[in-house]
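Here the structure is laid out as structure tokens; the discussion comes afterwards.
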Amino acid sequence: MTISVLRTADGWWVQTPAGAARVDTAATTTRELLADRDAVIAASESADVVAMGSLSLISPVSTPCRVVAQMTNFASHVKDSGGDPETVPLTFFRKASGSISGPYDDVIRPAHVSLLDYEVEIGLVFGREMPVGSDITAENLADYVAALVVTNDISARDVQLPKTQFYEAKSYPTFTPVGPALVLLEADELKRFTDLRLRLWVNGEPRQDMTVADMIYRPVEALRELTRFQRMDAGDLLLTGTPVGTAISAPPKPVEIIGSLLPPKVKWKLFFSGQAKNPKYLKDGDMVEATIATDDGAIDLGRQRTVVRYSR
């Protein structure tokens with residue numbers, strides 16, 4: 001049975017049917033909390049609870065930590081971007097852990113950013129170290145992946161695309177909302193990973209809705225590739241990609257061909273001029289909600305709610 005761990009500024013809690021039970025632990029980081037599983041289990045069995053609504057939740061993934069993300073990892077998203085899922089390589093990029101924020105914190109758009117986008121993603125939280133060269137198999141995956149979280153890979157598209165790199169465009173403060181819960185799973189539960197459905201709404205309008213069945217490279221493949229060059233430690237976070245439904249849209253093929261013949265400065269000016277007319281980019285005051293769960297509710301990572309605010 002999954003255990004949903006919550007975090008406030010003054011401690012850790014376990015969500016129970018009756019409310020939230022405090023975890024009796026000295027842990028101050030996610031890494032330390034995952035090492036104190038006995039305390040987490042004890043809290044899950046406690047009858048001494050407080051109302052869930054009385055807690056002010058912060059990200060259940062503490063910082064600093066490594067934040068690594070898979071790029072274009074859902075077939076539907078690749079097709080929507082004008083690509084071919086059969087030819088997409090397994091690639092990664094890094095995000096600054098300073099971008100992590102709480103599940104109900106405002107998302108702050110920097111003043112120089114115009115095209116703010118969303119990407120609901122499943123976050124894998126490591127429960128132990130994964131040194132470079134680790135042997136990752138379907139049988140031992142649960143030894144490395146201890147928990148799952150809801151994440152939103154907020155992206156400044158007008159920074160990302162002209163610079164042809166992701167780090168800055170996805171690393172501004174508040175650009176990685178995480179939570180509400182750190183959901184600990186057993187090995188048998190992790191086998192249901194492909195049953196998880198990712199959903200995202202903006203102001204109540206459905207934007208993204210797809211199961212992991214659409215994912216191109218799943219956790220075993222991803223970790224096998226990642227361990228070739230990147231060490232991960234307990235408490236580190238891997239984002240696993242987003243399905244179709246983001247605000248950004250690829251230009252029609254004829255326009256793309258013409259654009260390829262233009263100087264880069266002219267090409268991007270025309271592209272962003274067209275994107276500026278797209279109403280799906282996030283605006284000041286927009287409410288973004290994201291959930292990840294199996295359709296039968298057996299695994300439920302909770303509902304994230306964030307409001308977009310423009311910095312002045």
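Here the structure is a predicted model, which is why all the values come from computation and not from measurement.
Side chain to side chain, Gln70 and Tyr217 fail the donor-acceptor criterion of an N or O pair below 3.5 Å. Thr25 and Trp12 share no side-chain donor-acceptor pair at under 3.5 Å. Between the side chains of Asp117 and Ser155, no donor N or O sits under 3.5 Å from an acceptor N or O. Under the 3.5 Å distance criterion, with hydrogens and angles disregarded, a donor-acceptor pair is assigned to the side chains of Ser99 and Thr176. In this structure, a donor-acceptor pair under 3.5 Å is absent between the side chains of Thr8 and Ser56. Judged by distance alone, the side chains of Ser46 and Asp48 never bring a donor and an acceptor atom under 3.5 Å apart.
Proximity of a side-chain donor or acceptor of Asn278 to a complementary backbone N or O of Ala247 within less than 3.5 Å is detected. Using a distance-only test at 3.5 Å, with no hydrogens or angles considered, a donor-acceptor pair links the side chain of Thr227 to the main chain of Pro131. Of the possible polar contacts, one joining the Gln208 side chain to the Pro243 backbone as a donor-acceptor pair under 3.5 Å is found. In this structure a side-chain-to-backbone donor-acceptor pair under 3.5 Å is missing from Glu225 to Ala222.
The 12-atom threshold is not exceeded at NZ of Lys191, counting heavy atoms of other residues, nucleotides or ligands nearer than 6.0 Å. For Asp24, the CG atom sits in a loose shell: 12 or fewer heavy atoms of surrounding residues, nucleotides or ligands are nearer than 6.0 Å.
Look at Glu119 and Lys170 and you find a salt bridge, because one of the NZ, NE, NH1 or NH2 atoms lies within 4.0 Å of a carboxylate O, short of that distance. Remark: Glu221 does not engage Arg224 in a salt bridge, criterion side-chain N to carboxylate O under 4.0 Å. Under a 4.0 Å N-O distance rule, the pair Arg207/Glu205 qualifies as a salt bridge. Salt bridge status for Arg231 with Glu129: absent, with no side-chain N to carboxylate O gap under 4.0 Å. Taking the charged nitrogens against the carboxylate oxygens, Arg309 and Asp105 have no contact shorter than 4.0 Å, which rules out a salt bridge.
A cation-pi geometry, defined here as NZ or CZ lying under 6.0 Å from the six-membered ring centre and within 45° of its normal, holds between Arg128 and Tyr144. In this structure, Arg303 forms a cation-pi arrangement with Trp201, its terminal cationic atom sitting closer than 6.0 Å to the ring centre and no more than 45° off the ring axis. Taking the ring axis of Tyr167 as reference, the NZ or CZ atom of Arg94 does not stay both within 45° of it and closer than 6.0 Å to the ring centre.
The two residues Asp158 and Ser114 have their closest heavy-atom pair at OD2-N, 2.8 Å.
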Set out, in order, the CA-CA distance, both residues' side-chain angles and the distance that settles salt bridge (charged side-chain N to carboxylate O under 4.0 Å, His left out) for Arg37 and Glu32, then state yes or no. CA-CA 9 Å; Arg37 195 175 181 91; Glu32 293 168 350; over 6 Å; no
I'd like to know whether Arg109 forms a salt bridge (charged side-chain N to carboxylate O under 4.0 Å, His left out) with Asp284, so could you lay out the CA-CA distance, the side-chain angles of the two residues, the decisive distance to 0.1 Å, and finally the verdict. CA-CA 8 Å; Arg109 191 198 77 167; Asp284 194 20; over 6 Å; no
